[in-house]
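Basis for what follows: all heavy atoms, side chains included, without hydrogens, waters or symmetry-related copies. Note that the structure is predicted; figures quoted are calculated from it, not measured. One-based numbering, in listed order, for ligands and for the atoms of each.
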Amino acid sequence: MSCEFCSPPSPSLDDLGVIKEVDKGDMFSLTLRMPEDIEQALADFGNRTFPRFTPANIVVAGMGGSAIGGDIAYSLLRDELPVPLSVIRDYNIPAFIDRKTLFFAVSYSGNTEETLSAYREAKSKEARCIVISSGGRLKEIAGDDVFISLPSGMPPRFAFPYIFVPIVRSLESMGVVRKRNDWEETIELLRKLREDLAPHTPTPDNEAKKLAYSLRGKLPLIYASSPLLYGVALRWKTQINENAKAHTYVDFFSELHHNEIMAWESEEKVANFAVVLLRDKGENDRIKKRVEITKELIGDKAEIYEVWTKGESKMERVFSLLYLGDFLSLYLAVLYHKDPQEIDNINYIKQKLSALPSS
Ligand code: PA5
């Protein structure tokens, strides 16, 4: 029987030496330890308690790897949140923020200027603030606000568990959402998944490696089938952008049936697209039908890959696909020969801006 990935194309993702050579800062190790990082983040939060508080709204302010924890928290908690939760990626905050707002200011470095500016504005509106950072200016100006300390020495996007956990646990502690009981099973599932996705698992048995080969040289269009996966889709995009230095694009059902679907009528081949459908067993029945119609409409125009969540609870399902995307981004980095840790353009822009007088 022939096997498409039995002799993987070069560079071989089964060659651990190649992976080591490209992944100079060992981002694979950071990814492999996600289950332990979640455990550690839970332990760090410990039995911390906050006075009960019923906010009128919740805001997570941050950028890039510091903001995504807010998106994932929103996807996960959406069905039980009694008030709106927004993720703000900007210098300025919306007018609705006031003393009834619960405001998370999140910056791994503590020096991201958009987050500092948004936090200052939130403070001036007397919002109830929780600061999450490893230090920097954010820590210096936190004053009497609750400060949650992140472990130092990690690229922000790999500190995701340490950002996500305290957001969710703080909301639980204040009584905004019920206390979850699916942490343990999520950690266990991730432990199993990492065996399947790790570099030592050969390509024919490794979904992340197979997908990386399939997406290599293509522009991945990531379509999420359910609000539970919106944050995950964004995580896939941002991880592929930063780790593999590659373009990706994200869209969502059923919104894409009201605009994006028209682009498939084009005869111009502006890019070599590949569609990745992020699927979940809990997706709406009408969405299932919509996905089938989409496949019928575009199936002969691009390769379509479907990936499904695993596990039972919502958190297991969210993390199972998030984890696949994280590994995928690293394997793509290897195929593109890009060091996943390096983010020169991001640093260059930050440095240029910091040299300018602040407005
Ligand atoms: O992952 C990254 O390194 C970036 O996306 C950063 O998170 C982003 O630039 C914001 O920096 P910080 O997380 O330090 O606020």
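Only the side chain of Ile343 comes within 4.0 Å of ligand 1, counting heavy atoms alone; its backbone N, CA, C and O stay farther away.
Scanning all protein heavy atoms for the shortest distance to atom 4 (C) of ligand 1 gives Glu242 OE1, 3.4 Å. Remark: minimum distance from atom 12 (P) of ligand 1 to any protein heavy atom is reached at Thr112 OG1, 3.2 Å. Atom 9 (O) of ligand 1 has its closest protein heavy atom at Lys350 NZ, 2.8 Å. At the top of the distance list for atom 3 (O) of ligand 1, counting protein heavy atoms only, stands Arg157 NH1, 3.2 Å. Of the protein's non-hydrogen atoms, the one nearest atom 13 (O) of ligand 1 is Ser66 OG, 2.5 Å. Looking only at protein heavy atoms, the nearest one to atom 14 (O) of ligand 1 is Ser109 OG, 2.7 Å.
Between Thr115 and ligand 1, no pair of N/O atoms sits closer than 3.5 Å. At least one N/O-N/O distance between Gly65 and ligand 1 falls below 3.5 Å.
Residue-ligand proximity, Met63 to ligand 1, at heavy-atom distances under 4.0 Å covers atoms 7 (O), 8 (C), 10 (C). Taking every heavy atom of Ser107 and a limit of under 4.0 angstrom, the matching atoms of ligand 1 come to 12 (P), 14 (O), 15 (O). Near Gly64, the atoms of ligand 1 lying under 4.0 angstrom from a non-hydrogen atom of the residue are 5 (O), 7 (O).
Using a 3.5 Å distance cut-off with no hydrogens or angles, the side chains of Arg157 and Asn243 do pair a donor with an acceptor. For the residue pair Asp44 / Gln40, a side-chain donor-acceptor distance below 3.5 Å is found, with atom types taken as modelled. For Ser12 and Asp15, the side-chain atoms include no donor-acceptor pair closer than 3.5 Å.
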Q. Can Asn206 and Lys210 be said to form a side chain to side chain donor-acceptor pair (under 3.5 Å), step by step?
A. CA-CA 6 Å; Asn206 190 318; Lys210 282 194 274 198; over 6 Å; no

Q: Let me see the working for Ile38 and Phe160 under side chain to side chain contact (heavy atoms under 4.5 Å, CB included), right down to the final yes or no.
A: CA-CA 9 Å; Ile38 297 174; Phe160 163 74; over 6 Å; no

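Within a 6.0 Å radius of NZ in Lys20, no more than 12 heavy atoms belonging to other residues, nucleotides or ligands are found. Annotation: Lys100, atom NZ; neighbour count of heavy atoms from other residues, nucleotides and ligands within 6.0 Å does not exceed 12.
Within the 4.5 Å cutoff, side-chain heavy atoms of Leu138 are placed close to those of Tyr119.
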